Amino acid sequence: MARNNFENIERKWQARWEKEGWYPAEDFAKGKKKFYALVEFPYPSGSGLHIGHAFSMTGADVYARKKRMEGYNVLFPMGWDSFGLPTENYAIKTGIHPAKVTARNTAIFRRQMKRLAFSFDWRREIDTADPDYYHWTQWIFLQLFKHGLAHKEKMPINWCPSCKTGLANEEVIDGHCERCGTPVERRELDQWVVSITRYADRLLAGLETTDFVAKVKAAQINWIGKSMGAKIKFQIANLGDSLEVFTTRPDTLWGATFMVIAPEHPLVGEIRSKAKLPAAKIQEIEAYVNQARRKSELERTELEKEKTGVFSGLYALNPATGKQIPIWISDFVLASYGTGAIMAVPAHDERDHAFAKKYSLPIVPVIQPKQKWDFDKAAYTDVEHGRMVNSGPLNGLAPNVAIKKAIAWLEKKGIGKKAVSYHLRDWIFSRQHYWGEPIPMVYCRHCAQKGITWWETPEGKKFLQKNSGQPGIWNLEPGTSRRGLAGWFPIAEDKLPLKLPDVERYQPTDNGESPLAAVKSWTEAKCPVCGRPARRETDTMPNWAGSDWYFLAYLLAGKLGKPHDKNIFAENKDILRYWLPVDVYIGGDEHNTLHLLYSRFIYQFLGDIGAVPKEHPEPYHRRVSHGVILAPDGRRMSKSRGNVVIPDRVADKYGVDALRTYLMFMGPFTATMAWNENALRGVERFLQRFEKFVMGQAGGKKKLLENKEMKAALNELIKKVGGDIDNFAFNTAIAAMMKFLNLAIEKNWRLGRAELEALVKLLAPFAPYLSEELWHRRLGEEKSVHWAPWPKADAKYLGTQKRMIAVQVNGKLRATLELTAEEAKDQEKVVALAKKDPRVAKYLATGQLKKTIFVPGKIANFVVK
RNA sequence: GCCGCGGUGGUGGAAUUGGCAGACACGCAGCUCUCAAAAAGCUGUCUUCUUUUCGAAGGUGUGGGUUCGACUCCCACCCGCGGCACCA
């Protein structure tokens, strides 16, 4: 297409696609197989569509378009992940309501996406900040609460002392506040917490049924971080209490010479009251604990940091040796992992070893390594080699065998049991921001004091009757505190959505509460149980809340705002049954852990409570993660560096088809690649030659002499392009088309109508405008090329191309023979021809032929000695 | 430290189950067209050697190995990228 021409063509076809309603996906389309192609929906930022969006969405679009042409009923939807901090910050700065900003931005995104010809089903567009949408985000939260998976807890959060606000982990960059650069402190705030850890095993097991790439599976497995071991109880000598630890190495119990508890461990609080310690000692402990609390997460996890600690004054009894061992307090032990306490075995654990050296604690080896080992210098951590010593019943065993034996021994003695621990933490669900979904809960102080939980109210009892009879289908673990549950009541489901109120100021309040806390009309509520004045929750939900079920929202789009029964998430479950699971989910690496895990969790949970059908245990069948486009200088694009490539500007200059085709040609879909405008011009040239070639073909009426060579090449091309698109190998698909075109021009091939159609169709997913133009202008078709059937390779012509057979002598290439496909398979013929070739004969004459290797159609190799 | 991915011309990158390394494109050089330039087209382009041709030798991070044959498989190592990281 001539450069000045593409604009008209783009305008023309876009108008027609718009008129025809783009690419609707019908529920239950008859006689077609469904295909659900999903690409991550964007946060509609003020800067418009980024080249990274254009890249991943073009890849997804090419794939979806090909599937559609193959006759699938393709669902390829798009929407907006609208809640988020940038919009809120913009509102703080300008005073413009975030909803207004969002509407403005999504209009820009929508226009840009339509221009780039992404074949979305726009009827199913969703927006997480739309009350009809967050109605159900809130509903899901209520189900989590009612089923005992959400509660309020004091949790350490990241606190910026300068901005006076809590920060999400994503807002903390290297331990500093993203906005002002102040070092972040840890602070405890009451937070809603969702018990995702109770799904840890299910989330792990579910992975096996999915077709995620190894990298993604590994990331999820790592994040869940399951480790097997044992919990062991230690009696505390001068207190009638016991201390439980988690360990993966119960075999080394006999070598435990001290214990360490986290500064946040409950036992620390009891030291002052229960242990009879001198005042000076108590002061020392308190000083250490306070100092640890003030330390930022950064300082606490500093790699090279020397370990610090303080002796608690308490002693525990090692249940295996019966010896008294000191209990220390140190911040290298994390309160949030295991039991917040460890048994320290300095001879066989590096961290314990470092601590023992610093505070001169005894190091007692219980594994005899094969080689000489200086236990004063280093811990011996190998579990494969060595023999247990000084360990009673375990003596003589290899450590990995001793682990199992030790657990059995502990269970028999009643001092410990097999246990599992996870790296995965519960999900902190509260944010102290305005621009998010309000958490639909009310707190009644009066009821809280009386210890009334929602399950004890008439409504709650009715809920329990309907369900399993206990608070929580997945019951609270025995002993779990009810703190954080008493006095908290959900608002009635038929009152949803609980809409965000308009506020005057969007910034957080001085004490770190959400801006909603400053709105009296918001906070003042009536207790649904006792009718006394109560306080509405002022926190909002994290960004993940809206995005973790959006793939379901597309299926219900249009119905979200008006279900007949406002309490039922999906009234017509057959729609979900039909479309799920998502067949291919395309997104960025940055969402391979959190987003993917959260949404898998929510989906499993919704299945468990019967809100979505249970046929498919996992929401996503295949996950493809796309690569990243760097600036021409090879660095990440950023506004401050001024190296940002804007898709709209590229499209202005070269046209959408050239942009799309170049994006797909740059390299593998998963790769990190630098933008190169010159290479784009190469693609532009290809499209121009393609147009010229197709327009210049006689085509149509006149009967052509059959050109077997051309047909063979074209059918190979059809097979290659189709297969490559299926494998997301767009770059080689385009390369193959370029090669065919070069050959066709060079050999001056004339294509018949059928061949010409096929060629245009192959290009259609990549260059939708040009192909549509040629389809109508050159081939005179009425209907769109994008609904035309995908060409099928004719088996008759496959494998009929001339072959180059490589002839080797002792594995070294000496000659090549050009043969027909038939000849190339004929061993006798090839060997005879090869032997005759002077370049080969020369080497055969130098020795004796020992062996001849022949691979049909590929190679002949003579072994000569 | 652990987990995952990768290392191929001047550049981005190709290479079914081990079977012609460098497809396709960029860049560069020369040429055609032109008063000239742009655009377009043609030719060449892994390195070295041979005046050229014919050809020969080397070559996919390094060192070994398996094989008739290795970018591909195995062992050891080096480097880069991404994620996690005091996880008991």
Side-chain angles (χ1 to χ4, degrees), chain A residues 2-3 213-219 221-223 225-227 229 245-250 252 256 259-260 300-303 305 307 330-334 336-345 348-352 354-355 421-425 589-590 592-593 625 628 634 662 665-668 670-683 685-686 688-689 692 723 729 731-742 745-746 803-817 838-839 842 850-865:
Chain A
R3 271 221 191 154
V213 289
K215 171 192 194 170
V216 178
K217 275 194 191 178
I221 291 167
N222 274 344
W223 191 263
K226 182 176 185 172
S227 37
V245 301
F246 172 77
T247 178
T248 54
R249 296 293 304 276
T252 61
M259 302 186 79
V260 188
R300 277 186 71 162
T301 57
E302 197 93 56
L303 192 63
K305 195 195 78 173
K307 292 189 170 35
S330 172
D331 63 8
F332 87 84
V333 172
L334 307 175
S336 49
Y337 184 77
T339 63
I342 62 159
M343 66 176 207
V345 185
H348 303 292
D349 181 280
E350 280 163 19
R351 294 151 306 175
D352 300 350
F355 197 81
S421 197
Y422 299 93
H423 171 180
L424 181 69
R425 313 268 175 90
D589 282 338
E590 69 274 23
N592 281 345
T593 43
S625 47
V628 176
Y662 170 61
F665 181 66
M666 287 179 84
T670 53
T672 301
M673 303 155 293
W675 182 260
N676 177 353
E677 193 160 321
N678 275 323
L680 190 158
R681 297 215 37 248
V683 171
R685 269 199 292 272
F686 159 67
Q688 284 166 355
R689 283 188 304 150
K692 206 172 134 199
N731 55 331
T732 50
I734 294 164
M737 286 191 273
M738 289 173 167
K739 197 175 177 177
F740 177 88
L741 187 68
N742 291 345
I745 292 171
E746 184 199 329
R803 298 296 175 85
M804 299 298 277
I805 297 283
V807 183
Q808 302 180 334
V809 177
N810 292 338
K812 270 209 184 308
L813 180 75
R814 294 302 173 190
T816 53
L817 304 170
R839 289 166 297 183
K842 179 163 105 187
K850 288 276 181 197
K851 202 172 164 189
T852 303
I853 288 144
F854 178 72
V855 181
K858 288 208 168 131
I859 204 161
N861 186 17
F862 299 107
V863 185
V864 174
K865 265 204 173 165

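The basis for the numbers below is simple: all heavy atoms, side chains too, and nothing from hydrogens, waters or symmetry mates. Each chain gets a letter, A, B and so on, in the order its sequence line appears, and its residues count up from 1. Here the structure is a predicted model, which means the values were calculated and not measured.
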Seminar exercise, completed: Residue pair A/D589/A/I859 against RNA chain B: nearer the 5' end by closest nucleotide is A/I859
For this session: Please identify each residue that fulfils ring pair (Phe, Tyr, Trp, His ring centres under 6.0 Å) with A/Y422, with sequence neighbours left out.
Result: none
For this session: State the CG-CG distance between A/N861 and A/L813, to the nearest 0.5 angstrom.
Result: 10.0 Å
Exercise. Nearest 0.5 Å, what's the CZ-CH2 distance between A/R425 and A/W223?
Worked result: 8.5 Å
Problem set entry | Base-contact (B) and sugar-phosphate-only (S) positions in nucleotides 4-15 of chain B, heavy-atom cut-off under 4.0 Å, - elsewhere | S-------BSS-
For this session: Could you name each residue pair satisfying salt bridge (Lys or Arg N to Asp or Glu O under 4.0 Å) that touches residues 670-680 of chain A, not counting sequence neighbours?
Result: A/K653-A/E677
Exercise. So, is B/G12 syn or anti if syn means the angle is within 90° of 0?
Worked result: anti
Atom pairs under 3.5 Å: protein N/O with N/O of nucleotides 41-49 of chain B:
none

For this session: Identify, between A/A341 and A/A679, the residue whose nearest nucleotide on RNA chain B lies closer to the 5' end.
Result: A/A679
Could you list the protein-to-nucleotides 63-70 of chain B atom pairs, N/O on both sides, closer than 3.5 Å?
{"from": "B/C68", "atom 1": "O2", "to": "A/N861", "atom 2": "ND2", "distance (Å)": "2.2"}

For this session: List in chain and number order the residues that pass salt bridge (charged side-chain N to carboxylate O under 4.0 Å, His left out) with A/D349, two or more places apart in sequence or in another chain; answer none if no residue qualifies.
Result: A/R351
Problem set entry | Pairing residues for A/Y662 by the ring pair (Phe, Tyr, Trp, His ring centres under 6.0 Å) criterion, not counting sequence neighbours | A/W675
For this session: Decide yes or no for A/D352 and A/I342: does some side-chain heavy atom of the first lie under 4.5 Å from some side-chain heavy atom of the second?
Result: yes
Seminar exercise, completed: The salt bridge (charged side-chain N to carboxylate O under 4.0 Å, His left out) partners of A/K226 (sequence neighbours excluded) come to A/D201
For this session: For the side chain of A/R814, starting at C-beta, report the closest nucleotide among B/C84, B/A88, B/A56.
Result: B/A56
For this session: Indicate, with a heavy-atom threshold strictly under 4.0 Å, whether A/G682 touches base, sugar-phosphate, or nothing.
Result: sugar-phosphate
Problem set entry | With A/R814 via salt bridge (charged side-chain N to carboxylate O under 4.0 Å, His left out) - residues at least two apart | none
Exercise. With a non-hydrogen cut-off below 4.0 angstrom, is A/D352 in contact with a base, only sugar-phosphate, or nothing?
Worked result: nothing
For this session: Pick the C1' atom in B/G9 and in B/G59, then give their distance to the nearest Å.
Result: 10 Å
Exercise. When the P atoms of B/A76 and B/G69 are considered, how many whole Å apart are they?
Worked result: 24 Å
Problem set entry | Under the salt bridge (charged side-chain N to carboxylate O under 4.0 Å, His left out) test, residues paired with A/R839 that sit two or more places apart | A/D837
Exercise. Tell me, what's RNA chain B's dot-bracket, Watson-Crick or G-U with both distances under 3.5 Å, | for other-strand, [ ] crossing?
Worked result: (((((((..(((......[....)))((((((.......))))))((((.....))))..(((((..]....))))))))))))....
Can I get a per-line list of side-chain donor-acceptor pairs under 3.5 Å for residues 850-858 of chain A, giving both atom names and the distance, sequence neighbours left out?
none

For this session: Answer yes or no: is there a side-chain heavy-atom contact under 4.5 Å between A/V683 and A/M738?
Result: yes
For this session: Take atom P in B/G63 and the same atom in B/C79, then report the distance between them in whole Å.
Result: 16 Å
Exercise. Hey, does A/S227 reach any base, or is it just sugar-phosphate, or nothing, if we go heavy atoms under 4.0 Å?
Worked result: sugar-phosphate
For this session: Check every atom of B/A88, B/C84, B/G27 against the side chain of A/H423 and return the nucleotide holding the closest atom.
Result: B/C84
